[in-house]
Asks: 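One structure coming up, written as structure tokens, with questions to follow.
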2 protein chains.
Amino acid sequence: MSTINDVSRLAGVSKATVSRVLSGSRGVKEASRLAVLKAVEELNYRPNVIAQSLLSQTTGCIGVICAQDNINQTTGYLYALEKHLSQHQKHLLLRFANSRSEVISALDELTCGLCDDVLIIGARFPLNNLGYDDVILVDCVEADTPNSIQFDHAFAAETACNYLISQGRRQIALIHPDVSGSAERVLLGYKHALENNFLPFNRNLVFMDATSASVALQVLLNNASTLNFNALLVADEQEAQRVITQLQAFNKSVPGDIMVFSLAGSVHLPGIPTIPAIEYSMDAMAARIVSWLSEKTQDVLGACVLRGDLIIPDMRQR
Amino acid sequence: MSTINDVSRLAGVSKATVSRVLSGSRGVKEASRLAVLKAVEELNYRPNVIAQSLLSQTTGCIGVICAQDNINQTTGYLYALEKHLSQHQKHLLLRFANSRSEVISALDELTCGLCDDVLIIGARFPLNNLGYDDVILVDCVEADTPNSIQFDHAFAAETACNYLISQGRRQIALIHPDVSGSAERVLLGYKHALENNFLPFNRNLVFMDATSASVALQVLLNNASTLNFNALLVADEQEAQRVITQLQAFNKSVPGDIMVFSLAGSVHLPGIPTIPAIEYSMDAMAARIVSWLSEKTQDVLGACVLRGDLIIPDMRQR
DNA sequence: CTGTTAGCGCATTCAA
DNA sequence: TTGAATGCGCTAACAG
């Protein structure tokens, strides 16, 4: 690879002039400008970004640590993020991490000048006192960082219930293991919706302990005759697919007998019937993050909360 | 962030000694070694990798350009690659690209000193004469690069047919649009398996033109009475899900009436019945790539061809 | 064993 | 309008 020295020599000007032409490019005589451009072309010269980084103390690299347990969900994040980042001439440095210690070692390796900023996405384990306070947490639990983007789970649950009720489903079961710490928010929205619709709250329809969703569903099915539930709220699409299979194994039709609703996102695989869900716009999230990274004013991102959209299955598909 | 100067000043030694302690660390008096270590600890100093990169002319960054049209398939690649790369203290710089021109601009931005190497994954458009000859192509078509990893499609098709025949399916239809350029290899394996099993080749069961798989399947179904096909080979899992839905819409049971087989990989979503498939080990692929990147001898990776494993559905699940 | 010096490739002074 | 000099943070060669 040729350097700025080669160009300056070939063009018969100094390094400074070459640099001027390639950046600002003002206050340079046309003749030498052309000479530089010609030399650049001839040598196929391109400035070394590492040298520029050393000088500017910024690399344009954004570290993204994916801590998502559902690996398939990361794709949506990554695609949206990369799209927005590259539009701002930023690069996405990808790491996966499945535990707090893995996150820390990833952070260690990324914050030695390589990355200007780091995001952590989807961690379901505590991330307090990381020792790095300028990290942005996206959809993570127990975020004591000033900069974080959370999803409004209460809003999601409330919307979900209101939709289900509008569809004539008044016995709504809720299975939402409390790994995410967001369970109480979900419950809040759930109760709120019931109240607003003058429906009683039935403790037996709600399963928020850490036991498996499969067991919870079995309990529900065992007591189906007395509970009479006709809708089921679950944490995410993956969970939804699981319970649907289980329901069908018990000869419950979906959504005929029981309407299953996913509280977070979806994997739209062709050939798999869509279920109603709350979906969070990855694009909106990415845009928010990138704009914050670009501005980089002193003020923090704050407890930014993102609300999801209600997605209902296209009836033509069924 | 503190620099080596801060450390040397605090430790009362020269920059060189600090550097010595932190790297090689041999030939340094114990006293000054400890002084350096103490200062490092106190200042929480860590060497700036950018400065090191400028000197060594390597960044440890590997650019990965995902050109996969099926975005969900990239996750497998990325996860395996990142795992192996980080084990070799290398970083994964992620880009998505959906066309030749996007690939080129991504390459432009990545090869200015930022990345030591670049991979392109899953491109289904021609990638000749990119102007970069040290790029590694993975599962790309029309690869005239010396370094590429291809999947053995002939072997996959042959294995698939042999499996289907062993299951009593002797009328095997094949739908494999020729976008990938690998269609002729697939056909080769298909024919080979038929020959070895003394079965006739029926041209009407094979659809390799660029028309939609949906239309091809309709043709098959329209002539079902005469064709009597009881197995269907498709290009990938996505395609498989599509045809399964379509088959079920025509009251064909899967795999009862027709066994669907995916020739490339699979998305194992819980709750979705597994179908037989050829799966390529992402781990093996990543290991191969990383070892090649690390060796970096003069010799090329060569036309490395990877064979997939036959995955049959676990009967307990059905 | 250790300090000084030079230079990786670049942009930005400061003079001319 | 331009060139020479400086320094980003670091390592390697050399000299002590």
Side-chain angles (χ1 to χ4, degrees), chain A residues 1-40 42-61 89 108-116, chain B residues 1-40 42-61 89 108-116:
Chain A
M1 207 47 158
S2 49
T3 78
I4 198 173
N5 283 307
D6 305 323
V7 177
S8 75
R9 209 171 306 128
L10 184 60
V13 297
S14 75
K15 297 194 299 180
T17 301
V18 175
S19 179
R20 272 187 276 259
V21 171
L22 265 49
S23 46
S25 186
R26 63 170 183 204
V28 179
K29 207 203 299 176
E30 190 62 12
S32 42
R33 208 180 75 86
L34 290 176
V36 167
L37 257 29
K38 183 164 169 293
V40 165
E42 198 159 325
L43 295 170
N44 188 28
Y45 165 78
R46 285 147 64 212
N48 185 315
V49 292
I50 294 302
Q52 292 178 320
S53 293
L54 184 58
L55 209 54
S56 67
Q57 302 282 39
T58 65
T59 62
C61 287
Q89 0 282 3
D108 261 8
E109 295 174 29
L110 259 32
T111 56
C112 301
L114 227 194
C115 293
D116 298 339
Chain B
M1 205 48 157
S2 49
T3 78
I4 199 172
N5 283 305
D6 304 325
V7 177
S8 74
R9 209 173 305 128
L10 183 60
V13 296
S14 74
K15 295 195 301 178
T17 302
V18 176
S19 179
R20 272 188 276 260
V21 171
L22 265 49
S23 46
S25 186
R26 60 169 186 204
V28 179
K29 206 203 303 176
E30 191 61 13
S32 42
R33 208 182 75 87
L34 291 175
V36 168
L37 257 28
K38 183 165 169 292
V40 164
E42 197 160 325
L43 295 169
N44 188 28
Y45 165 77
R46 284 147 64 213
N48 185 315
V49 292
I50 294 302
Q52 293 177 321
S53 292
L54 184 58
L55 207 54
S56 67
Q57 301 282 36
T58 65
T59 61
C61 288
Q89 359 283 4
D108 262 8
E109 295 174 30
L110 259 32
T111 55
C112 301
L114 227 193
C115 294
D116 298 339

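Note that these values count all heavy atoms, side chains included, but never hydrogens, waters or copies made by symmetry. Quick caveat: nothing in here was measured; it's all calculated off a predicted structure. Just so we're on the same page: letters track the sequence lines, and every chain starts at 1.
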Asks: Tell me which residues in residues 4-19 of chain B put a heavy atom below 4.0 Å from DNA chain D, sorted by number, or none.
Replies: B:Ile4, B:Lys15, B:Ala16, B:Ser19

Asks: For DNA chain D, which nucleotides open and close the run of contacts to chain B, 5' to 3', at under 4.0 angstrom from a non-hydrogen atom?
Replies: D:dG9 to D:dA13

Asks: Looking at every non-hydrogen atom in both residues, tell me the closest pair between B:Tyr45 and B:Thr3 and how far apart they are.
Replies: CE1-C, 3.5 Å

Asks: Going by salt bridge (charged side-chain N to carboxylate O under 4.0 Å, His left out), name the residues that satisfy it together with A:Arg33, two or more places apart in sequence or in a different chain.
Replies: A:Glu30

Asks: Where is the tightest heavy-atom contact between A:Gly113 and B:Asn48, given as atom of each residue plus distance?
Replies: CA-OD1, 4.4 Å

Asks: So which pairs with a foot in residues 4-17 of chain A pass salt bridge (Lys or Arg N to Asp or Glu O under 4.0 Å), sequence neighbours left out?
Replies: A:Asp6-A:Arg9

Asks: Quick one: how far along DNA chain C does chain B reach, first to last nucleotide 5' to 3', anything under 4.0 Å to a heavy atom?
Replies: C:dC1 to C:dG9

Asks: Got a sec, which residues hit side chain to side chain contact (heavy atoms under 4.5 Å, CB included) with A:Val13, two or more places apart in sequence or on another chain?
Replies: A:Ala11, A:Thr17, A:Val18, A:Ser32, A:Val36

Asks: Kindly calculate the angle separating the two end axes of the helix from C:dC1-D:dG16 to C:dA16-D:dT1, each obtained from five base pairs, and round it to 10 degrees.
Replies: 50°

Asks: Sequence neighbours excluded, which residues qualify as side chain to side chain donor-acceptor pair (under 3.5 Å) partners of A:Ser56?
Replies: A:Thr58

Asks: Which residues pass the side chain to side chain donor-acceptor pair (under 3.5 Å) test with B:Thr111, not counting sequence neighbours?
Replies: A:Arg46

Asks: Can you list everything that forms a salt bridge (charged side-chain N to carboxylate O under 4.0 Å, His left out) with B:Lys38? Sequence neighbours excluded, please.
Replies: B:Glu42

Asks: In chain order, what residues pass the side chain to side chain contact (heavy atoms under 4.5 Å, CB included) check against B:Thr59, with sequence neighbours excluded?
Replies: A:Ile50, B:Ser53, B:Cys61, B:Asp116

Asks: Of all the heavy-atom pairs spanning A:Ser23 and A:Ser19, show the shortest one and how long it is.
Replies: OG-O, 2.7 Å

Asks: Could you identify which residues of residues 47-56 of chain A place a heavy atom less than 4.0 Å from some atom of DNA chain D, listed by residue number, or say none?
Replies: A:Leu54, A:Leu55

Asks: Start at the 5' end of DNA chain C and walk down; is the nucleotide closest to A:Ser23 or to A:Met1 reached first?
Replies: A:Met1

Asks: If you measure from CG on A:Leu34 to NZ on A:Lys29, what distance do you get to the nearest 0.5 Å?
Replies: 11.5 Å

Asks: For the CD atom of A:Gln52 and the CG atom of B:Leu54, what is their distance to the nearest 0.5 Å?
Replies: 11.0 Å

